[in-house]
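First listed ligand is number 1; within each ligand, the first listed atom is number 1. What you see is a predicted model; the values in this text were computed from it and never measured.
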Amino acid sequence: MTAAGNPWGWFLGYLLLGITGSLAFINGGHIINGEDCNPHSQPWQAALFLEDDFFCGGVLVHPQWVLSAAHCFQNSYTIGLGLHNLEPEQEPGSQMMEASLSIQHPEYNEPSMANDLMLIKLKESVSLSDTVRNISVVSQCPTPGDSCLVSGWGRLASGRLPQVLQCVNISVASEEVCKARYGPVYHPSMFCAGGGQDQKDSCHGDSGGPLICNGSLQGLVSFGQAQCGQPNVPGVYTNLCKFTDWIQTTIQAS
Ligand SMILES: *[C@@H]1O[C@H](CO)[C@@H](O)[C@H](O)[C@H]1NC(C)=O
Ligand SMILES: *[C@@H]1O[C@H](CO)[C@@H](O)[C@H](O)[C@H]1NC(C)=O
Ligand SMILES: *[C@@H]1O[C@H](CO)[C@@H](O)[C@H](O)[C@H]1NC(C)=O
């Protein structure tokens, strides 16, 4: 989100600075010590653009609906699906869709940073293919120690975007660890993952992007400490097992 910045992230990060150190939404975050994903191995991965600027990740959960973080809200979006490289013209099999209806969870940010999810309705359904596919949302809550894959195109430390989608495996952290790290803002709508000692598995992709555990969508990248990739500092993910009803009923009603 180069032009628009990430006002909510920075604003909230600023508000929360005194409480927990420098929390920030991960619009500007990046996968640390990850690697290039195998092309099109994450066919549910969406890229949200505002004009031509990439600003958040998302996940195709239905042929006409993308799930993302509520703090990625905009009035309209261009959404790229089937991308590996962020440049659509370089990606046969990609589909660029327009969207103007997005529905934030009604309790987003109540309390601060909680319930960070929204649904975005594409103007029309995508054609499902080898490179574009929806993924199911888990109903089971995560178990500490589960290994999960997070993916995204977040900015690199240099400030530049990576050429292609980045993937990294991280482990789900216990609620105790998550509470200890994020105490004042910890909420059951969140869980933590990453924070391994080797830092290889300790970071996150872009806001709104997927955390996949055992083949299902378990979390969305939400926020973390502004400095990412520190040992013992897991990132925070939207705990989607708490929202399966809301997701289903919202899609059915809209
Ligand atoms: C994709 O969406 C369709 C329509 O809702 C659904 O029937 C199908 O089960 C979904 N696929 C997965 C893998 O969730
Ligand atoms: C993540 O773990 C899975 C299962 O162990 C493995 O197949 C995959 O290559 C790993 N991916 C990355 C990017 O480390
Ligand atoms: C992973 O998913 C498969 C089926 O999708 C299931 O049979 C298995 O029990 C799951 N494993 C774990 C550890 O949840």
#### Entry: Closest non-hydrogen atom pair between S68 and L220, with its separation
O-CD1, 3.4 Å
### Message
Can a donor-acceptor pair be found, under 3.5 Å and without considering hydrogens, that links the side chain of Q166 to the backbone of V164?
### Response
yes
### Test item: E107 side-chain N/O and A114 main-chain N/O as donor-acceptor pair under 3.5 Å
no
Under 4.0 Å from any heavy atom of [X], which atoms of ligand 1 are there?
| X | result |
| --- | --- |
| I135 | 14 (O) |
| S136 | 14 (O) |
| N134 | 1 (C), 2 (O), 3 (C), 8 (C), 10 (C), 11 (N), 12 (C), 13 (C), 14 (O) |
| H62 | 4 (C), 5 (O) |

### Query
Under 4.0 angstrom from atom 5 (O) of ligand 1, is there any protein heavy atom?
yes
### Message
Closer than 4.0 Å and a protein heavy atom, does any atom meet both conditions relative to atom 2 (O) of ligand 1?
### Response
yes
### Query
In ligand 2, which numbered atoms sit nearer than 4.0 Å to a non-hydrogen atom of E35?
13 (C)
### Message
A quick test of your reading: do over 12 heavy atoms of other residues, nucleotides or ligands sit less than 6.0 Å from CD of E51?
### Response
no
### Ring-ring centroid check F73 Y108, cutoff 6.0 Å
no
### Task
Using distance alone, with no hydrogens and no angle criterion, decide if S129 and T131 have a side-chain donor and acceptor under 3.5 Å apart.
yes
